[in-house]
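Reckoned from all heavy atoms, side chains included, excluding hydrogens, waters and symmetry mates. Letters A, B, ... mirror the listed sequences (proteins, then strands); counts begin at 1.
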Amino acid sequence: MTEVSAVPLANENHRHEEFNQMDGDYSRDSANFESSMEINESSNVIKEEPNNGSFEENMKNGTGNGHGPEKEQLKSPKKEDGYESDDDIPWAQRLAKAKQNGSGSEKKAKDKDREKEKNGKLKKKKKEDSDEDEEYKPEPKKKEKRKHKEESENDYSEDDYKPAKKKQKKDKEKTKKTEVKKEKKTSSGGSQSQSQSQTQSPKKKKKQEDEEDVWEWWKEEKKPAGVKWNTLVHRGPLFAPLYEPLPSGIRMKYDGKSVDLSPATEEVATFYARMLDHEYTSKDIFNKNFFADWRKVMTSKEREMIADLKKCNFEKMAVYFKEQGEKRKEMTKEEKAKIKEQKDEEQKIYGMAIIDGHRQKIANFRIEPPGLFRGRGGHPKMGKLKKRIQPEDVIINCSKGGDVPQPPPGHKWKEVRHDNSVTWLCSWTESVLGSHKYIMLNPSSKIKGEKDYEKYETARRLKKRIGKIREAYQEDWKSKEMRVRQRSVALYFIDKLALRAGNEKDTDEAADTVGCCSLRVEHIKLHDEHDGKEYVVEFDFLGKDSIRYHNFVHVEKRVYKNLKIFMENKNGSDDLFDRLDTAMLNEHLRQLMDGLTAKVFRTYNASITLQEQLAKLTNPDENVHHKMLSYNRANRRVAELCNHQRAVPKTFEKTMENLQNKARHRELLDSKTIDNFQYKEKKKEVKEAKREKKDAKSGTAAHEKAKKKYQRLKEQLEKIETQMKDKDENKQIALGTSKLNYLDPRISIAWCKKFNVPVEKVFNRTQRDKFRWAIDMIMNDEDGDSYEF
DNA sequence: AAATCGACTTGTGCGAAAGTCC
DNA sequence: GGACTTTCGCACAAGTCGATTT
């Protein structure tokens with residue numbers, strides 16, 4: 001199951017065609033070009049929001065933010081759609097550059113830029129670079145000059161989204177807005193959100209739509225770059241419940257004897273006890289890390305006594321927790337309802353923030369409880385103690401004024417700040433890796449939604465330029481400069497295989513995983529010929545979350561030869577791209593297109609693949625059920641491309657086993673079980689055939705026969721395999737991640753619209769909340785019909 | 001100019017809730 | 001109505017990428 005077959009995207013030409021064909025879909029209207037120098041300069045000036053009534057009520061004390069009602073935005077020349085030539089560096093960006101260079105004219109700035117580019121190239125030009133088979137000495141360390149200074153502003157100049165088309169419908173839409181509720185409201189009577197005319201499945205309980213207000217931010221003007229909010233009010237984090245010491249009968253044993261531990265020591269012991277039947281506790285690093293950290297919280301007496309983890313017996317604790325778990329399950333309805341009510345209450349109080357006058361859900365308002373760090377893969381820090389977070393560790397970020405959240409009694413915050421250039425509400429430093437953790441808003445919020453929208457807009461812009469970009473990097477395969485060649489080959493992988501960028505990482509701090517730029521020689525194998533294709537690169541490495549990426553990919557001859565060169569005179573543990581890192585790559589990409597980075601390719605290729613596959617697989621005459629099958633298959637192609645396959649879930653295997661046993665006993669075979677039997681049977685046959693083939697003397701007729709049989713059976717097996725795969729398509733591969741993070745929701749929704757599939761079939765409640773902007777844009781806009789499927 | 005930091009997105013796994021089956 | 005499955009949401013780890021520090 002680990003092997004990823006080469007995805008259909010390998011066919012470059014085909015893809016090119018598709019892109020052009022579908023220009024109308026993944027395209028945009030001419031930019032609504034709002035940026036101006038003034039605004040860029042004063043990006044942190046706080047601007048008063050156009051207020052809606054409830055705002056004041058929510059913000060009882062006003063917000064002494066010192067914001068003035070200034071709202072002048074300089075009109076700048078509208079940029080035409082296009083983006084074709086080299087001259088299309090966004091206007092505002094050029095200005096910024098010009099300023100940096102101390103030159104007033106954008107023209108000059110550009111020239112200077114070109115000069116720099118040239119200089120950089122000349123400087124690098126060495127004798128080593130002759131031609132394709134040049135000899136090149138790998139650098140022991142990658143050290144490349146960064147030639148250009150970064151842009152100082154994130155300007156949104158060129159391709160800001162347009163506020164959705166101003167249609168007359170808008171007024172009607174307005175009525176959909178649910179009331180913004182006051183914080184105080186306790187009357188949670190459910191019957192007031194009748195105005196919701198949304199496509200709601202009738203059987204779904206009216207899930208009290210009272211929480212979040214519908215903020216149609218995509219119809220509003222955008223804030224100047226860098227300003228994330230004008231007012232932000234929230235209640236701070238909800239801390240983990242305090243530790244409750246175990247009942248006196250429940251004790252750990254050391255060396256066979258029950259021991260009383262101090263509360264702190266006991267607490268940490270319970271973390272371990274809870275994980276006893278997890279694989280983690282069998283790992284040396286885990287135990288070593290745990291024990292070291294545990295000892296740190298022990299009293300000196302305890303430390304003296306407890307010297308060996310192996311002599312610790314947590315069994316009694318573990319059993320106790322299991323019992324508690326059982327008890328929880330067996331609680332009465334009333335008890336359960338009570339707990340739920342409590343949770344809802346917490347959600348109401350802590351789970352909401354008011355941002356620019358709108359109530360928005362918070363994603364993770366509960367502070368992570370203490371526990372043992374569960375790193376993935378071979379993480380060097382696994383088992384370390386994740387300490388309890390106290391108010392004194394927490395930084396609060398919110399509006400100035402009286403609505404600053406109060407710390408729990410007897411405590412104070414680490415800091416309260418009012419930084420509207422960031423989106424987080426609270427932050428703290430986590431104790432294992434020392435990295436930052438944040439409380440942020442839910443994906444349905446404006447702040448997240450807008451960012452998501454921008455992401456897909458960038459991907460759309462890439463669509464228009466991808467042809468040229470591909471031409472350019474293919475040209476670079478022949479470059480005299482090794483650094484350029486490496487860059488172009490890496491980019492090719494990122495584009496073709498949707499690899500991640502691959503930042504360097506510290507192996508003392510994290511598991512040894514790689515992405516494109518950090519690939520090492522040992523991660524690829526070159527096959528002059530494989531499976532009937534020539535120039536095949538075999539990738540085999542651990543990527544994010546230590547998920548294996550294993551793929552055989554046919555590549556162009558030039559790429560193949562380049563790889564050979566890159567690998568010359570290197571050890572397996574040497575970097576494949578020794579003259580490249582993500583910073584350089586992204587800097588190059590930024591020069592090709594505003595906002596372009598490595599990850600945009602993943603978004604773009606995922607989205608275009610979905611659209612392409614939907615076009616190919618959808619049959620308008622089929623029923624909704626079949627159409628959904630097609631949709632899921634298209635989605636699955638994307639998941640394959642992104643390598644979002646999860647190991648066959650344990651539950652799935654178990655299910656199969658159970659089914660089989662049942663079936664045997666009751667002779668009641670359902671189709672799933674039959675498939676599974678067939679499959680296993682066939683597999684056995686194949687194995688046998690293989691052995692027969694092996695046993696038969698080569699050259700003899702028997703051998704030939706066995707070989708044929710083997711081939712035939714193998715094919716049959718493959719057929720069954722794919723059939724099963726189809727049936728269980730949604731279980732073998734995790735579609736969720738690509739659906740949530742890579743697929744432009746507008747494609748899915750436009751597809752629904754065109755083929756009369758209810759959106760609810762494709763997106764569940766949460767997803768619809770997250771993608772409300774897209775649903776609105778497509779469903780209420782004739783643009784929605786311009787997608788070609 | 002590299003190393004580190006900070007903020008944010010992407011990813012998996014797990015537990016609870018919801019659904020299904022007998 | 002209880003046992004088992006499947007789905008969903010959340011927790012939180014692990015990436016990306018630009019900014020800041022050294």
Side-chain angles (χ1 to χ4, degrees), chain A residues 141-147 149-154 204-205 228 240 278 325 328-330 336 339-340 343 347 351 363-369 371 373-377 379 381-382 386 395 397 419 421-424 427 429-430 432-438 440-443 447-448 451-452 455 500-506 509-511 513-518 543-547 581-587 589-590 595 597-600 602-603 642-647 649-652 654-655 658-659 662 666 668 670 730-731 734 736-738 740-742 764-767 769:
Chain A
K141 273 230 159 167
K142 47 180 77 173
K143 242 125 233 196
E144 267 299 325
K145 319 270 167 214
R146 290 224 229 159
K147 288 181 312 184
K149 212 178 171 264
E150 265 101 331
E151 289 336 322
S152 54
E153 297 288 339
N154 295 342
K204 269 267 147 59
K205 286 268 180 170
K228 305 295 175 61
H278 200 290
R328 268 176 66 92
K329 267 187 204 156
E330 278 144 30
K336 280 183 179 167
I339 290 174
K340 187 164 191 301
K343 267 197 142 180
Q347 158 76 31
N364 55 326
F365 56 90
R366 285 168 217 279
I367 283 211
E368 298 173 13
F373 179 75
R374 305 157 84 108
R376 300 179 190 151
H379 197 117
K381 298 280 172 99
M382 63 170 73
K386 226 172 65 168
I395 304 174
N397 191 33
D419 181 356
S421 72
V422 295
T423 65
W424 53 265
S427 77
T429 303
E430 157 261 351
V432 175
L433 303 159
S435 64
H436 294 277
K437 295 276 193 168
Y438 303 94
M440 288 184 183
L441 293 177
N442 186 277
I447 258 179
K448 293 291 184 187
K451 205 71 195 302
D452 211 33
K455 175 178 78 185
R500 295 185 190 80
N503 285 307
E504 262 122 290
K505 43 193 260 184
D506 186 348
E509 297 287 316
T513 63
V514 297
C516 186
C517 293
S518 49
K544 181 175 177 178
D545 289 325
S546 295
I547 302 288
D581 64 32
T582 53
M584 290 162 55
L585 178 65
N586 280 335
E587 192 173 325
L589 292 175
R590 216 174 308 128
T597 62
K599 80 190 187 88
V600 178
R602 231 165 121 84
T603 311
C642 295
N643 200 33
H644 287 149
Q645 40 166 205
R646 55 180 165 201
K650 280 173 217 148
T651 55
F652 181 71
K654 247 190 219 160
T655 304
N658 288 342
L659 273 173
K662 261 191 209 168
R666 297 194 211 132
L668 217 171
D670 69 355
N730 296 334
K731 289 159 202 148
T737 302
S738 51
L740 227 51
N741 296 308
Y742 289 108
N764 69 24
R765 177 82 239 172
T766 330
Q767 292 163 167
D769 284 345

Using the side-chain heavy atoms of [X], tell me which of these nucleotides is nearest: [options].
{"X": "Lys544(A)", "options": "dC12(C), dG15(C), dT12(B)", "answer": "dG15(C)"}
{"X": "His278(A)", "options": "dC12(C), dG15(C), dC14(B)", "answer": "dC14(B)"}
{"X": "Lys448(A)", "options": "dG9(C), dT9(B), dA14(C)", "answer": "dT9(B)"}
{"X": "Arg376(A)", "options": "dC8(C), dG11(B), dG6(B)", "answer": "dG11(B)"}
{"X": "Tyr742(A)", "options": "dA14(C), dG11(B), dG18(C)", "answer": "dG11(B)"}
{"X": "Asn586(A)", "options": "dC17(C), dG9(C), dC8(B)", "answer": "dC17(C)"}
{"X": "His436(A)", "options": "dG6(B), dG11(B), dC17(C)", "answer": "dG6(B)"}

Asn586(A) side, atom CG; Lys599(A) side, atom NZ - distance, nearest 0.5 Å:
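Separation between the atoms: 10.5 Å.
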Starting at CG of Asp452(A), measure out to CG of Asn741(A) and round the result to the nearest 0.5 Å.
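These two atoms lie 7.5 Å from each other.
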Quick one: label [X] by what it contacts on the DNA or RNA (base, sugar-phosphate, nothing), any heavy atom closer than 4.0 Å.
{"X": "Gly543(A)", "result": "sugar-phosphate"}
{"X": "Asp452(A)", "result": "nothing"}
{"X": "Thr513(A)", "result": "sugar-phosphate"}
{"X": "Ser435(A)", "result": "nothing"}
{"X": "Gly502(A)", "result": "sugar-phosphate"}
{"X": "Asn503(A)", "result": "base"}
{"X": "Thr737(A)", "result": "base"}
{"X": "Tyr438(A)", "result": "base"}
{"X": "Ala510(A)", "result": "nothing"}
{"X": "Gly375(A)", "result": "sugar-phosphate"}

In this structure, how many angstroms lie between the [atom2] atom of [N] and the [atom1] atom of [X], rounded?
{"X": "Lys505(A)", "N": "dA13(C)", "atom1": "NZ", "atom2": "C1'", "answer": "10 Å"}
{"X": "Ile547(A)", "N": "dA14(C)", "atom1": "CD1", "atom2": "P", "answer": "12 Å"}
{"X": "Asp581(A)", "N": "dG15(C)", "atom1": "CG", "atom2": "C1'", "answer": "16 Å"}
{"X": "Leu589(A)", "N": "dC17(C)", "atom1": "CG", "atom2": "P", "answer": "9 Å"}
{"X": "Lys455(A)", "N": "dT16(C)", "atom1": "NZ", "atom2": "C1'", "answer": "12 Å"}
{"X": "Asn741(A)", "N": "dT12(B)", "atom1": "CG", "atom2": "C1'", "answer": "12 Å"}
{"X": "Met382(A)", "N": "dG13(B)", "atom1": "CE", "atom2": "P", "answer": "14 Å"}
{"X": "Glu430(A)", "N": "dA7(B)", "atom1": "CD", "atom2": "C1'", "answer": "15 Å"}

Tell whether Lys451(A) reaches the base of dT9(B) with its side chain through a donor-acceptor pair below 3.5 angstrom.
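Between dT9(B) and Lys451(A), which were checked side chain against base, a qualifying N/O pair under 3.5 Å is absent.
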If an axis is fit to five pairs at each end of the helix from dA1(B)-dT22(C) to dC22(B)-dG1(C), what is the angle between the two, to the nearest 10°?
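Here the local axes at opposite ends form an angle of 0°.
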Checking [X] now: which residues fulfil side chain to side chain contact (heavy atoms under 4.5 Å, CB included) with it, not counting sequence neighbours?
{"X": "Arg602(A)", "answer": "Ala498(A), Arg500(A), Cys642(A), His644(A), Tyr742(A)"}
{"X": "Arg376(A)", "answer": "Asp545(A)"}
{"X": "Thr766(A)", "answer": "Asn764(A)"}

Residue closer to the 5' end of DNA chain C, Arg374(A) versus Cys516(A) (nearest nucleotide):
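Here Arg374(A) is the residue nearer the 5' end.
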First of Arg366(A) and Thr597(A) reached from the 5' end of DNA chain C, by closest nucleotide
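Checking each residue's closest nucleotide, the 5'-ward one belongs to Arg366(A).
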Between Lys448(A) and Met440(A), is there a donor-acceptor pair closer than 3.5 Å when you use the side chain of the first and the backbone of the second?
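Judged by distance alone, no pair lies under 3.5 Å.
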Is any side-chain N or O of Asn764(A) closer than 4.0 Å to OP1 or OP2 of dG9(C)?
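Yes, because at least one side-chain N or O of Asn764(A) sits under 4.0 Å from OP1 or OP2 of dG9(C).
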Can a side chain N or O of Lys386(A) be found less than 4.0 Å away from OP1 or OP2 on dA13(C)?
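For Lys386(A), the contact criterion (side-chain N or O under 4.0 Å from OP1 or OP2 of dA13(C)) is met.
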Pairing donors with acceptors under 3.5 angstrom, does anything connect the side chains of Lys505(A) and Ser518(A)?
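Not at all, the side chains of Lys505(A) and Ser518(A) share no donor-acceptor pair under 3.5 Å.
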Measure up the Tyr438(A) and Trp424(A) rings against each other and bin them: parallel (under 30°), tilted (30 to 60°), perpendicular (over 60°).
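It falls in the tilted class, 30° to 60°.
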For His278(A), check ring pair (Phe, Tyr, Trp, His ring centres under 6.0 Å) against everything at least two apart and list the hits.
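Listed in chain order: Tyr280(A).
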Lys386(A): what forms a salt bridge (charged side-chain N to carboxylate O under 4.0 Å, His left out) with it, not counting sequence neighbours?
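Glu368(A).
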Hey, which of these two, Lys340(A) or Lys599(A), hits DNA chain B nearer its 5' end, going by closest nucleotide?
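Of the two residues, Lys599(A) wins.
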Using heavy atoms to find the nearest nucleotide of DNA chain B for Asp506(A) and Trp424(A) separately, return the residue whose nucleotide is more 5′.
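Closest to the 5' end, via its nearest nucleotide, is Asp506(A).
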